[in-house]
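Scope of the values below: all heavy atoms of this structure, side chains included, with no hydrogens, waters or symmetry mates. Chain letters run A, B, ... following the sequence lines, proteins first, then strands; residues in each count from 1. Values in this document were obtained by computation on a predicted structure and should not be read as measured data.
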Amino acid sequence: MKIQFNINGKAVSVDEDARTPLLWVVRDVLDLKGTKFGCGKAACGACTLHVNGEAVRSCSFPVEYAEGKEITTIEGLAKGDQLHPVQQAWMEEIVPQCGYCQPGFMMSTAALLDKIPNPTDQDIDDNIANICRCGTYYRMRKAIHRAAEIKNTPS
Amino acid sequence: MKKVSRRRFLVSTGVGGGVVLGAMYFGGCGIVKRKIAGYANTAESPYLGNTKTPLIWFEVMPNNQIIFSSSKVEMGQGVFTGLAQIAADELDVEMGQMEVRHAPSQTGNVDRFATGGSTSINSLWTPLRELAATMREMIKNHGAELMNVSVDKLSTNKGIVSGENQSMTYGDIASKVSEWKVPSTPSLRNIDQYKHIGKPIVRVDLEDKVKGAHIFGMDAVMPDMLFGSVVRSERVGAKYVDADISEAEKMPGVVKIVKEPDFVGVIATSYNAANNAKHKIKAQWDVDKVWQSSEIESMIEVGKGKPVVIQKNGQPNRFLGEQDEFISSEYRSPIGAHAQLEPNGAVAHVKDGKATIMMSTQVIKLTAGEVADRLGIKEKNVNIIPTFLGGGFGRRLHTPNAMEAAVMSRAVGRPVKCFFTRQEEFQNDYFRPPTHHILKAKLSAEGIIEALEHNVSSGDVMYGSPLVPNFAQPLIGSDIGAWRGGMVQYGAIPNYQAISWRVKLPFATSWWRSLGLLANTFAIESFMDELAILANANPADFRLRHIQKDKAGDRLKKVIEAAVEKSGYRDELLSNGRAMGIAASTDVNTPVCHVAEVSVENEQIKVHKVTCAIDVGLAINPDQIRAQCEGSIVMGISAAMYEEMKVVDSVLRPTIYGPYKMALMKDAPKEIEVVILENDEEPGGVGEPPLGPIGAAIANAAFRITGKRNRTMPLQT
Amino acid sequence: MKIYGTLFIILLLGIGSFVGFSNPPRNQEPVQNTTQAFNTMMKVVTHKRCMNCHPNGDRPRQGEDSHIHNFNVQRGDDGHGTAALKCSTCHQKANNDNSGVPGAPHWHLAPISMAWEGLSDAEIARRIIDTKFNGDRSIEEIEKHMTEDDLVLWAFDPGVNNEGIPREKPPVSEKDYIQAVKEWIAGGAQIPEQ
């Protein structure tokens, strides 16, 4: 079926089986490879992107539900050359190791900061439940606090 | 300064138009065996380059960028950054001028061994500097000719040769020279001359990773690519017999079903189509028996299988015989999964007797060989193009998936991308083997260990790998992977021994980050805590009193003292109800000591803080050393506290994250302090050593609160 | 259903003052003995497909063994999860056979006033019909909720799990359950003594 939506501010139209996970449409049809496949079971969070500003695990989100929605992926998180505060903080704290899970974490964090501008450690524990095998959680926590600071500082 | 070794250099023109300088490694095939055996005893890292093609090379581009072709792969450990720092200091260039790329296998500069074992920096430390220094001198010499200036009037800085009011960039010089003369290897820089080594330089791959722009194996594409999926049995020991494909063939998007003697797979126009069709294939499997976890556990038992004494000092048997009175404890660790986030896969294109494969692999050379063997073509006709790895952890030392993708591609004459589902990852892993340990000790009235013995029974680690062919096993003597970290590190104990018991399990077990180190250290360092308590001693002091007076002993002593000082280690309950636990290990010449601060509420252990002291020899990049320590601590917490695979009716379970319980953000300590100790040793390994002591440090801390000794991983069930 | 969350918050504020059962059902003459209907209904209500999202706490349960939901999933302010880990981060409006993630419209956790975990059948039934617990629903609204709501009826079409294995359904058919609920309510929503 034909499905139309905006991705990273750009209108797209795809012709796909309605049940195809949005993840595969984003990766293989729209060629945006920053959204990762980790488990296909909504368990690891590597495929997290935003649907109308909400964090969604795209491996478990049929493309048909994207109709008319605003989708944002890691490639659309920055505004032009200006990295998103979350990305800036990730740079400052040198968070990634292998880097595979990081886009999902950054997308989850961006959604968190939209809802809770100054998350406490408890908020972070309660909201960020993706999986990182390299064990970068310690730096991520620092980066999340730093991202909140950057985001809340008028430029 | 280490003597400059005998190397051969090779100069050619690169594809980008720059000059290429490569260094060769001398030594025949036998070196593989010797190096691995030597590795066991000395922890000196093997670097097993090719004898005919350069093992590392640089290409100087006309725009003065230096492309460094790395035979080691970047899997998160930061090796691209560390190697670039080392090279930049001898080349006299800025970090921004260095561009590090993976070397495809056809370029020849492929490590015969692997990227793993915390060996990359250590093994390349000397050859890389020699190559870089030679390159710098060669460019300077030719610069002297071009500028008509005596070479001793010239100096090099930021990729520019200058002197006598003249200057040329390396790129300028490289583009003007046609006949290169390779100088004899110049002497290497001293530590006080380093500009990049020792600095916390930002990872070279950072920005791309933050933008999601990195290409991992899963992201690789080739034009006109199809998607493949291979049917795998869920069951331990199942052998493929045949398959009914009639239903699957009719599924939408299916291009071809490939039936091979040993597997069946489907090729389709999309991943989803391939995966859906795969579920319609009815495969038959030969299964000899139904396995359960209880049977596996009873196989892994000290006393069963073949023992090898791997370490002996004094006469431990005089104190720890059947008729003697001694202290004894048993420890166990479970089957562990790699659970790396990027599934294993490959994109292969096989055409006209040649194969091109893009994938995440830690064993480029081995992968190429396996593909060549299967396709019946020469290895030089296989080009493995490594991508960034979405985690390695030893999982990608096994890469039969490259062969599967190649066979499928050959069947349709088009590129095929093929990768594991997450369930297949969990069920077809090359697991960390379960272990059983028996420790025995005789303690004197003065609280001194008179004799100590560690027995470890484990499934295969190194012996489970195609990197160690069967013929090499007798030479190595015993599975050094299984007993890594299993030797007694307290050399002042007069009588001690370590004994390794080998067990072959019915499912694949092999390399898992740090190999036996995690389980062996958990057992030995928990037992040391037990002994300290029996001796009525502070566990830190107790350890120190058993350390021998030599270089290794001094280094171990210093990390323990540093961790104690930084953490304020105390062996009684803290006022907030928390407690501290200490443990130390020495792995690949790198001693590490952790102090864990934990609380226990409702039987739930929480790790609040870990203080880590590590002696890395020369620190190349303190920031990434910290990162490896932090990551190892978190991965170690995950494995020691939560992770466990079980065999249920021959199926390895769980098959998904969640039920396979791993540390999440909430479980990671909010404080991690890393103290980096340095000395004049060569840079040591850091990717695995900090995993060693974490399990014991936590268990020892929890004991202070609960009074109950937990001798089984995972600690939190 | 949209106001459900708001009601729940109001209920939460006042809940401490309630002790047990304070709003008896309509006191009408029983038209028939509805014990059998009640028992049939309760076989569904107390099945894990329903109970997993009526926990006595802030953590949903999942699976055939009703383990605490993985990944530290929590109730959140409105029963729909936390800010960046909402139910809808993973659960959509229908079951997903690809991922094995179950789904139904407005997938969320029952309010804490409707926690059933640890209660007897009679105690659960009293909560169902008590407006102080059930979101101020009249008995008619309860009947509609229990027999027509997509999320309630999801129990009879629970999809497959992450390994593609069908989830266990309640031991009563959807039709028999709906009929039992209607019969029980028509009979005066009597709660048999146990």
Side-chain angles (χ1 to χ4, degrees), chain A residues 16-17 19-21 24 27-29 31-41 43-46 73-75 77-78 83 86-88 90-91 94-107 121-122 124-141 144, chain B residues 74-78 202-203 205-216 218-219 221 227 252 270-272 338-343 388-393 419 421-423 623-624 627-628 630-638 656-658 662-672:
Chain A
E16 290 296 321
D17 179 278
R19 308 302 299 165
T20 303
W24 297 116
R27 285 179 55 84
D28 291 339
V29 179
D31 199 27
L32 295 165
K33 296 288 199 280
T35 308
K36 303 300 183 191
F37 170 80
C39 68
K41 305 289 173 186
C44 72
T73 68
I74 185 71
E75 291 90 346
L77 202 56
L83 290 180
V86 171
Q87 292 171 306
Q88 292 176 42
W90 247 244
M91 293 280 290
I94 317 180
V95 175
Q97 288 186 25
C98 90
Y100 196 80
C101 70
Q102 301 290 340
F105 272 98
M106 286 185 274
M107 296 309 286
D121 278 337
Q122 188 65 47
I124 293 170
D125 287 348
D126 291 346
N127 282 279
I128 306 298
N130 299 9
I131 291 172
C132 170
R133 188 46 151 172
C134 298
T136 65
Y137 301 124
Y138 170 70
R139 288 192 183 194
M140 277 187 202
R141 183 185 299 279
I144 295 169
Chain B
E74 177 59 68
M75 49 192 178
Q77 81 281 41
V202 169
R203 293 180 67 107
D205 51 1
L206 179 63
E207 190 167 343
D208 270 1
K209 284 185 174 173
V210 165
K211 287 178 172 170
H214 249 66
I215 296 300
F216 296 91
M218 279 294 291
D219 304 327
V221 290
F227 291 84
S270 74
Y271 168 70
N272 232 35
H338 287 88
Q340 84 294 339
L341 262 286
E342 184 201 1
F388 287 91
L389 279 65
F393 313 116
F419 54 89
T421 65
R422 182 51 58 182
Q423 183 170 342
D623 176 68
Q624 285 305 300
Q628 285 303 298
E630 293 159 5
S632 292
I633 286 166
V634 172
M635 187 169 173
I637 287 173
S638 189
I656 186 67
Y657 298 116
M662 289 163 67
L664 298 176
M665 178 72 82
K666 70 180 173 63
D667 306 306
K670 292 195 174 62
E671 282 184 87
I672 299 178

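Between the side chain of A/Arg133 and the backbone N or O of B/Phe393, no donor-acceptor pair lies under 3.5 Å. Looking only at distances, a side-chain donor or acceptor of B/Lys209 sits under 3.5 Å from a matching main-chain atom of A/Cys98.
With values rounded to the nearest 0.5 angstrom, A/Lys33 atom NZ is found 15.5 Å from B/His214 atom NE2. Between the CZ atom in A/Phe37 and the CZ atom in B/Phe419 there is a gap of 5.5 Å [rounded to 0.5 Å]. Interatomic distance, A/Asp126 CG to B/Lys666 NZ, rounded to the nearest 0.5 Å: 10.0 Å. Here B/Leu341 contributes atom CG and A/Cys39 contributes atom SG; the two are 8.5 Å apart, rounded to the nearest 0.5 Å. A/Phe105 contributes atom CZ, which lies 5.5 Å from atom CE of B/Met665 (distance to the nearest 0.5 angstrom). Taking SG of A/Cys132 as the reference point, atom CE of B/Met635 lies at 10.0 Å (rounded to 0.5 Å).
Note: B/Asp623 leads B/Val202, B/Leu389, B/Asp623 in heavy-atom pairs under 4.5 Å with chain A. For the set B/Glu207, B/His338, B/Gln77, B/Lys670, the count of heavy-atom pairs under 4.5 angstrom toward chain A peaks at B/Lys670. Top candidate by heavy-atom pairs under 4.5 Å with chain B, chosen from A/Gln102, A/Met140, A/Arg27, A/Glu75, is A/Arg27. For the set B/Ala213, B/Gly391, B/Pro252, B/Ala627, the entry with the most heavy-atom pairs within less than 4.5 Å of chain A is B/Ala627. The choice from A/Asn130, A/Leu83, A/Ile74 that makes the most heavy-atom pairs within less than 4.5 Å of chain B is A/Ile74.
A/Leu77 does not touch chain B: none of its heavy atoms, backbone or side chain, sits under 4.5 Å away. For B/Tyr657, the parts lying near chain A are the backbone and the side chain together; criterion is any non-hydrogen pair under 4.5 Å. For a residue to count as touching a neighbouring chain, one of its non-hydrogen atoms must lie under 4.5 Å from one of that chain's; by this rule A/Ala78 does not touch chain B. Heavy atoms closer than 4.5 Å to chain A are found nowhere in B/Asp667, neither backbone nor side chain. Heavy atoms closer than 4.5 Å to chain A are found in both the backbone and the side chain of B/Asp219. For A/Met91, the parts lying under 4.5 angstrom from a heavy atom of chain B are both the backbone and the side chain. In this structure, the portion of A/Trp24 lying under 4.5 Å from any heavy atom of chain B is its side chain and not its backbone. Looking at A/Asp31, neither its backbone nor its side chain comes within 4.5 Å of chain B, counting heavy atoms on both sides. Interface remark: B/Ser638 contributes side-chain atoms only to the contact with chain A (heavy atom separation under 4.5 Å). Only the side chain of B/Met662 has a heavy atom closer than 4.5 Å to any heavy atom of chain A.
Closest approach of B/Lys211 to A/Gln87, counting heavy atoms only: CA-NE2, 3.9 Å. Across every non-hydrogen atom of A/Tyr100 and B/Pro343, the tightest pair is OH-CD, 3.9 Å. The minimum heavy-atom distance linking B/Val634 with A/Tyr137 is given by the pair CG1-CD1, 3.5 Å. Between A/Tyr138 and B/Ile672, the shortest heavy-atom contact is OH-O, 3.2 Å. Contact record, A/Ile131 with B/Leu664: CG1-CD2, 3.9 Å, taken as the closest heavy-atom pair.
With a 4.5 Å cut-off on side-chain heavy atoms, A/Arg19 and B/Asn272 do not count as touching.
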